[in-house]
A.B. asks: 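Supplied in structure tokens, the structure appears directly below.
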2 protein chains.
Amino acid sequence: METTDLFEKCLGCRYMVALMRRIGEGTARPGQLERALEDISAKVLSERLKRLVEYRIVEKTAFPEIPPRVEYRLTTFGQRLLEIVDEVEQLHNKASKQADGLL
Amino acid sequence: METTDLFEKCLGCRYMVALMRRIGEGTARPGQLERALEDISAKVLSERLKRLVEYRIVEKTAFPEIPPRVEYRLTTFGQRLLEIVDEVEQLHNKASKQADGLL
DNA sequence: CGGAATCCAAGAAGATACTG
DNA sequence: CAGTATCTTCTTGGATTCCG
């Protein structure tokens with residue numbers, strides 16, 4: 001599992017950053033996440049969650065209940081990653097503002 | 001131009017991180033970059049470079065010569081971005097190693 | 001409810017040819 | 001040499017259905 005993959009498969013795909021943010025805010029269950037993301041389909045949400053688990057950005061807990069309940073939360077790595085994403089966002093905003101001033 | 005785009009359009013696309021790295025190392029001309037990236041097509045390379053310029057990660061200089069010569073280099077923002085990418089890489093490696101130890 | 005399988009539409013990437 | 005346009009191929013996302 002190379003790190004380039006981390007960018008292509010986890011950060012670069014549609015919904016991924018938004019999804020990480022919701023989970024970071026405490027939205028833990030797939031149903032809630034599907035509503036929170038607004039226009040994501042259940043299928044794509046599943047795929048994304050699965051991938052976030054693979055890359056250890058998110059941890060999954062399944063409760064053996066009827067009906068089934070599942071919860072996702074950020075790993076320590078996931079939390080750091082999200083912080084870095086925010087850092088990039090700020091950097092990007094600053095750079096854009098500067099550039100606009102120059103035009 | 002939102003920041004989510006930055007991830008989806010610049011970091012998440014194939015070749016992008018590798019391309020930024022080569023430019024950061026001083027490989028400046030399209031022809032060289034095409035050879036350095038090994039299996040990227042000229043068309044896709046063009047598209048990527050264009051996008052990196054749009055997002056102000058890279059700056060383009062065209063010399064009015066025959067035959068034409070063009071050079072690309074990282075902006076200040078691009079350099080910072082690449083540093084952060086490296087940071088994520090290290091973090092990811094560390095997290096993976098830890099996880100392997102636990103299995 | 002959570003998730004996997006299927007089928008279909010949309011977008012990204014590869015190959016090639018052409019212009020300045 | 002650098003860059004655009006076109007055509008084809010493949011990967012990704014969306015809608016639906018079914019199972020535990």
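Each chain gets a letter, A, B and so on, in the order the sequences are listed, and its residues count up from 1.
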A.B. asks: Atom NZ of A:K50 and atom C1' of C:dG3: how far apart are they, to the nearest Å?
C.D. replies: 9 Å
A.B. asks: For residues 23-32 of chain B, run the donor-acceptor check on the side chains, cut-off 3.5 Å, and write out each pair with its distance to 0.1 Å, sequence neighbours left out.
C.D. replies:
residue: B:Q32; atom: OE1; partner: B:R29; partner atom: N; Å: 3.3

A.B. asks: Please name all residues satisfying side chain to side chain contact (heavy atoms under 4.5 Å, CB included) with A:Q90, sequence neighbours left out, ordered by chain then number.
C.D. replies: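 Scan of A:Q90 (side chain to side chain contact (heavy atoms under 4.5 Å, CB included), adjacent residues dropped) gives none.
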A.B. asks: Heavy-atom contacts under 4.0 Å between residues 59-75 of chain A and DNA chain D, which residues?
C.D. replies: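 Those residues are A:P68.
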A.B. asks: To check you understand the geometry: which heavy-atom pair defines the closest contact between B:C13 and B:R51, and what is its length?
C.D. replies: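 In this case the closest contact between B:C13 and B:R51 is SG-NH1, 3.4 Å.
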A.B. asks: Below 4.0 angstrom, which residues in residues 26-33 of chain A have at least one non-hydrogen atom near DNA chain C?
C.D. replies: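 A:R29, A:P30, A:G31 - these, ordered by number, are the residues of the stretch whose heavy atoms sit under 4.0 Å from the strand.
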A.B. asks: For B:E38, is the CD atom crowded, meaning more than 12 foreign heavy atoms sit under 6.0 Å from it?
C.D. replies: no
A.B. asks: Could you pull out every donor-acceptor pair under 3.5 Å between side chains of residues 74-89 of chain A and any protein atom, sequence neighbours left out?
C.D. replies:
residue: A:T75; atom: OG1; partner: A:R56; partner atom: O; Å: 2.7
residue: A:T75; atom: OG1; partner: A:I57; partner atom: O; Å: 3.3
residue: A:T75; atom: OG1; partner: A:F77; partner atom: N; Å: 3.4
residue: A:T75; atom: OG1; partner: A:G78; partner atom: N; Å: 2.9
residue: A:R80; atom: NH1; partner: A:E83; partner atom: OE1; Å: 2.9
residue: A:R80; atom: NH2; partner: B:E87; partner atom: OE2; Å: 3.1
residue: A:D86; atom: OD1; partner: A:R21; partner atom: NE; Å: 3.4
residue: A:D86; atom: OD1; partner: A:R21; partner atom: NH2; Å: 2.8
residue: A:E87; atom: OE2; partner: B:R80; partner atom: NH2; Å: 3.1

A.B. asks: Atom CG of B:L6 and atom CG of A:L11: how far apart are they, to the nearest 0.5 Å?
C.D. replies: 10.5 Å
A.B. asks: Using five pairs at either end of the helix from C:dC1-D:dG20 to C:dG20-D:dC1, determine the angle between the two local helix axes and round it to 10 degrees.
C.D. replies: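 That helix gives 40° between its end axes.
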A.B. asks: Kindly compute the distance separating OH (A:Y15) from CZ (A:R22), expressed to the nearest 0.5 Å.
C.D. replies: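 It comes to 13.0 Å.
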A.B. asks: Among residues at least two apart in sequence or on other chains, which ones pass side chain to side chain contact (heavy atoms under 4.5 Å, CB included) with B:R73?
C.D. replies: B:E59
A.B. asks: List the residues meeting side chain to side chain contact (heavy atoms under 4.5 Å, CB included) with A:K60, not counting sequence neighbours, and say none if there are none.
C.D. replies: A:V53, A:V70, A:Y72
A.B. asks: Measuring only between side-chain heavy atoms, which start at C-beta, is B:H92 closer than 4.5 Å to B:S96?
C.D. replies: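 Yes, their side chains come closer than 4.5 Å.
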A.B. asks: Do B:L33 and B:I40 have side chains that get closer than 4.5 Å, going by heavy atoms?
C.D. replies: no
A.B. asks: Sugar-phosphate atoms are those with a prime plus P, OP1 and OP2; base atoms are the rest. Using that split, label each nucleotide of nucleotides 7-19 of chain C B, S or - for protein heavy atoms under 4.0 Å, 5' to 3'.
C.D. replies: ------BBB----
A.B. asks: Would you please name every residue forming a side chain to side chain contact (heavy atoms under 4.5 Å, CB included) with B:K43, sequence neighbours left out?
C.D. replies: B:S41, B:E47
A.B. asks: Mind checking which nucleotides bracket the chain A contacts on DNA chain D, 5' to 3', with an atom under 4.0 Å from a heavy atom?
C.D. replies: D:dG13 to D:dG20
A.B. asks: So, do B:M16 and B:K9 sit near enough that their side-chain heavy atoms are less than 4.5 Å apart?
C.D. replies: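 Of all side-chain heavy-atom pairs linking B:K9 with B:M16, none is under 4.5 Å.
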A.B. asks: Between CG of A:L19 and CZ of A:R48, what distance do you get to the nearest 0.5 Å?
C.D. replies: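 Nearest 0.5 Å value for the CG-CZ distance: 8.5 Å.
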A.B. asks: Taking salt bridge (Lys or Arg N to Asp or Glu O under 4.0 Å) as the test, write out the residues that go with B:R14, two or more places apart.
C.D. replies: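 If we apply the salt bridge (Lys or Arg N to Asp or Glu O under 4.0 Å) test to B:R14, skipping adjacent residues, the hits are B:D39.
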